[in-house]
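A short worksheet on the structure shown next.
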Amino acid sequence: MCGRTACTLAPDELKRACSYRNRRGQRRQPRWRDGDADNYRPSYNKNPQSMSPVLLSQRHFDKDAPVDKCVLASMRWGLVPSWFKESDPSKMHYSTSNCRSENILQKKSYKDPMLKGQRCVILADGFYEWQKVEKGKQPFFIYFPQTQPGPSQEERKNSDSESVRPPAKASSGLMKGGEAAGEWTGWRLLTMAGVFDCWTPPGGGEPLYSYSVITVNASPNLQSIHDRMPAILDGEEEVRRWLDFGEVKSLEALKLLQSKNILTFHPVSSLVNNTRNNSPECLQPVDLNSKKEPKPTASSKMMTSWLSSSSPSKRKSHTSESKEERESKPQNQRKSAGGLQQWLQGTNKKPRTK
């Protein structure tokens with residue numbers, strides 16, 4: 001299952017982190033659907049019913065748009081079927097935050113949007129899951145392994161201690177911002193497959209877009225934490241095929257929903273148990289056997305480095321810039337942002353609201 005996520009990028013950062021290639025191989029940056037950037041709130045601790053960023057085809061909003069043109073939208077987590085007859089979504093008596101891949105064509109709430117091609121990609125830094133232990137439950141933060149170009153031998157040696165090693169060849173994923181100029185070098189977003197629907201109150205009013213995260217059986221390395229996990233789309237090509245409902249029909253798209261042994265994780269504080277707690281400490285790695293700060297792994301180093309840049313606005317200068325912009329800076333300012341270690345060290349960092 002997936003019942004809590006973190007997504008801390010500012011709206012303009014999400015655009016750069018989600019650059020994609022269209023059918024012609026041209027690099028594009030998705031724009032936000034009108035007004036949706038204001039509805040999205042970065043958070044270290046997102047729960048169902050909150051508004052979260054998703055990527056989808058522009059064709060869902062504009063029938064004349066190319067089906068492979070993508071757009072960012074802010075949608076409610078927890079699908080409200082278009083046929084729901086109550087005036088208040090909170091009156092739904094069952095949870096739709098997740099839908100099982102094996103049942104997606106058996107339940108009307110998910111079958112209808114799936115067959116209509118209403119597929120989306122839910123974006124997050126990662127998600128939280130709770131492992132049953134003797135004295136309760138231990139939360140973990142789960143995410144894509146983060147890699148940097150040209151790791152040293154010592155860094156490669158240290159990465160061996162991770163639960164999952166970064167692949168020998170880093171997946172292009174959505175972290176690749178495009179050509180040499182403007183390449184996204186920040187946090188690689190987790191890309192989860194989902195379905196969405198549009199509900200309009202029976203008495204009229206603003207339509208509500210909402211989604212469900214599709215889940216599959218947990219991969220071998222996550223089974224000790226939980227028996228289910230989100231269906232992960234690994235790399236730009238899988239994301240493209242999931243969103244391109246014109247070229248990839250529903251039954252073909254379902255083949256992308258596989259259990260993949262590609263994620264890494266670390267234990268975090270029980271602070272995340274309460275949704276009112278929304279701070280970098282929710283993501284901070286903890287040592288389950290000691291009160292001391294744990295020895296960081298390669299990916300957790302990058303995570304804490306990325307989080308430490310104190311504010312999303314300050315990260316703009318080094319997450320997507322041209323070669324000319326980089327070379328115009330003094331030598332002492334040409335430092336890489338790295339991954340989530342500096343951000344977590346920023347004691348005053350708060351999620352940016354716009």
Next item on the list: Might you work through the side-chain contact (heavy atoms from CB on, under 4.5 Å) test for Ser259 and Met229, ending with a clear yes or no?
Entry: CA-CA 8 Å; Ser259 176; Met229 66 180 287; 4.1 Å; yes
Next item on the list: Would you sort out whether Ile232 and Phe144 count as a side-chain contact (heavy atoms from CB on, under 4.5 Å), showing the intermediate values?
Entry: CA-CA 10 Å; Ile232 303 300; Phe144 271 136; 3.6 Å; yes
Next item on the list: For the pair Trp77 and Asn47, evaluate side-chain hydrogen bond (donor to acceptor under 3.5 Å, both in side chains) and give the outcome as yes or no after the intermediate values.
Entry: CA-CA 8 Å; Trp77 185 2; Asn47 61 295; over 6 Å; no
Note to self: Run the salt bridge (charged side-chain N to carboxylate O under 4.0 Å, His left out) test on Lys137 and Glu129 for me, step by step, so that the C-alpha distance in whole Å, both residues' side-chain angles and the decisive distance to 0.1 Å come before the verdict.
What the structure shows: CA-CA 9 Å; Lys137 293 185 177 182; Glu129 193 53 86; over 6 Å; no
Check: How far apart are the C-alpha atoms of Lys249 and Glu252, what are their side-chain angles, what is the distance that settles it, and do they pass the salt bridge (charged side-chain N to carboxylate O under 4.0 Å, His left out) test?
Finding: CA-CA 5 Å; Lys249 301 304 179 185; Glu252 187 68 20; over 6 Å; no
Next item on the list: Please lay out, stage by stage, how Val272 and Asn277 fare under the test side-chain contact (heavy atoms from CB on, under 4.5 Å).
Entry: CA-CA 6 Å; Val272 75; Asn277 294 328; over 6 Å; no
Notebook entry, point to check: Going through the checks in order, is the salt bridge (charged side-chain N to carboxylate O under 4.0 Å, His left out) test met by Glu247 and Arg240?
Noted result: CA-CA 10 Å; Glu247 180 182 90; Arg240 186 195 69 79; 3.2 Å; yes
Item checked: Trace of the side-chain contact (heavy atoms from CB on, under 4.5 Å) decision for Val121 with Leu233 -> CA-CA 8 Å; Val121 174; Leu233 300 167; 3.6 Å; yes
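A salt bridge is defined here as a Lys NZ or Arg NE, NH1 or NH2 lying under 4.0 Å from an Asp or Glu carboxylate O, and Lys132 with Asp227 fails to meet this definition.
Heavy atoms only, all atoms of each residue included: Leu271 and Glu281 are closest at CD1-CB, 3.8 Å. Here the closest non-hydrogen pair linking Phe265 and Asn221 is CE2-O, 3.6 Å. Between Leu257 and Ala193 the shortest heavy-atom distance is CD2-CB, 3.6 Å. Nearest heavy-atom pair, Arg31 versus Gln58, reported as atom, atom and distance to 0.1 Å: NH2-NE2, 3.4 Å. Scanning all heavy atoms of the two residues, the minimum distance from Pro30 to Cys18 falls at CD-O, 3.3 Å. For the pair Leu256 and Arg241, the tightest heavy-atom approach, listed with the atom from each and the gap, is CD1-CB, 4.0 Å.
Put simply, OH on Tyr128 and OG1 on Thr5 are 8.0 Å apart, with the number rounded to the nearest 0.5 Å. Taking CG of Asn98 as the reference point, atom CE of Met192 lies at 9.5 Å (rounded to 0.5 Å). Atom OG of Ser19 sits about 12.0 Å away from atom CG of Leu14, to the nearest 0.5 Å. Rounded to the nearest 0.5 angstrom, Leu263 CG and Tyr143 OH are separated by 10.5 Å. With rounding to the nearest 0.5 angstrom, the OG atom of Ser43 is 9.5 Å from the CZ atom of Arg4. Atom CG of Leu56 is separated from atom CD of Gln118 by 9.5 Å, given to the nearest 0.5 angstrom.
Panel note: side chain Gln138, backbone Pro267; no donor-acceptor pair is recorded below 3.5 Å. A distance-only check finds no donor-acceptor pair linking the side chain of Arg188 to the backbone of Gln146 [under 3.5 Å]. Within the 3.5 Å criterion, the main-chain N or O of Leu283 finds a donor-acceptor partner in the side chain of His266. Lys46 contributes a side-chain N or O that, together with a main-chain N or O of Arg41, makes up a donor-acceptor pair within less than 3.5 Å.
Side-chain contact, Arg228 with Thr215: a donor N or O sits under 3.5 Å from an acceptor N or O. Using modelled atom types and a 3.5 Å distance limit, the side chains of Asn22 and Gln26 yield a donor-acceptor pair. Side-chain contact, Tyr110 with Thr96: no donor N or O sits under 3.5 Å from an acceptor N or O. Checking Thr8 against Asp125 by side-chain atom types alone, a donor-acceptor pair falls below 3.5 Å.
At least one side-chain heavy atom of Val133 sits less than 4.5 Å from a side-chain heavy atom of Gln131. Between Ser97 and Val213, the closest side-chain pair of non-hydrogen atoms is not below 4.5 Å. When side chains are defined from C-beta on, Val195 counts as touching Ile214, because their heavy atoms get closer than 4.5 Å. By the 4.5 Å heavy-atom criterion applied to side chains, Asp36 and Leu72 are not counted as neighbours. Between Leu123 and Val54, every side-chain heavy-atom pair lies at or beyond the 4.5 Å cut-off. Counting heavy atoms from C-beta on, the side chains of Asp234 and Val239 never come closer than 4.5 Å. Contact check for Arg28 versus Lys69: no side-chain heavy atoms found under the 4.5 Å cut-off. Annotation: side chain of Met114 is in contact with side chain of Leu254 (closest heavy-atom distance under 4.5 Å).
The ring of Trp32 has its center closer than 6.0 angstrom to the ring center of Tyr40. A distance of 6.0 Å or more separates the ring centres of His226 and Phe140. The six-membered or imidazole ring of Trp199 lies away from that of Tyr209, with a centre-to-centre distance of 6.0 Å or more.
Using a 4.5 Å cut-off between side-chain heavy atoms of Ile, Leu, Val, Met, Phe, Trp and Tyr, with links allowed through other members, Phe196 and Tyr94 fall into different hydrophobic clusters. Cluster annotation: Tyr44 is not connected to Met51 through the hydrophobic network of ILVMFWY side chains, with a link wherever side-chain heavy atoms come within less than 4.5 Å.
For Lys260, the NZ atom counts as densely surrounded, since its 6.0 Å shell holds more than 12 non-hydrogen atoms of other residues, nucleotides or ligands.
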Atom pairs and distances, side-chain donor-acceptor, residues 78-91, under 3.5 Å, sequence neighbours left out:
residue	atom	partner	partner atom	Å
Asp88	OD1	Ser90	N	3.0
Asp88	OD1	Ser90	OG	2.9
Asp88	OD2	Ser90	OG	2.8

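Both the sub-6.0 Å distance and the 45° axial angle are satisfied by Arg33 relative to the ring of Phe61. The side-chain tip of Arg119 does not point at the ring of Phe245 from less than 6.0 angstrom away and within 45° of straight on.
With sequence neighbours excluded, the residues satisfying side-chain contact (heavy atoms from CB on, under 4.5 Å) with Leu115 are Leu105, Lys111, Ser250.
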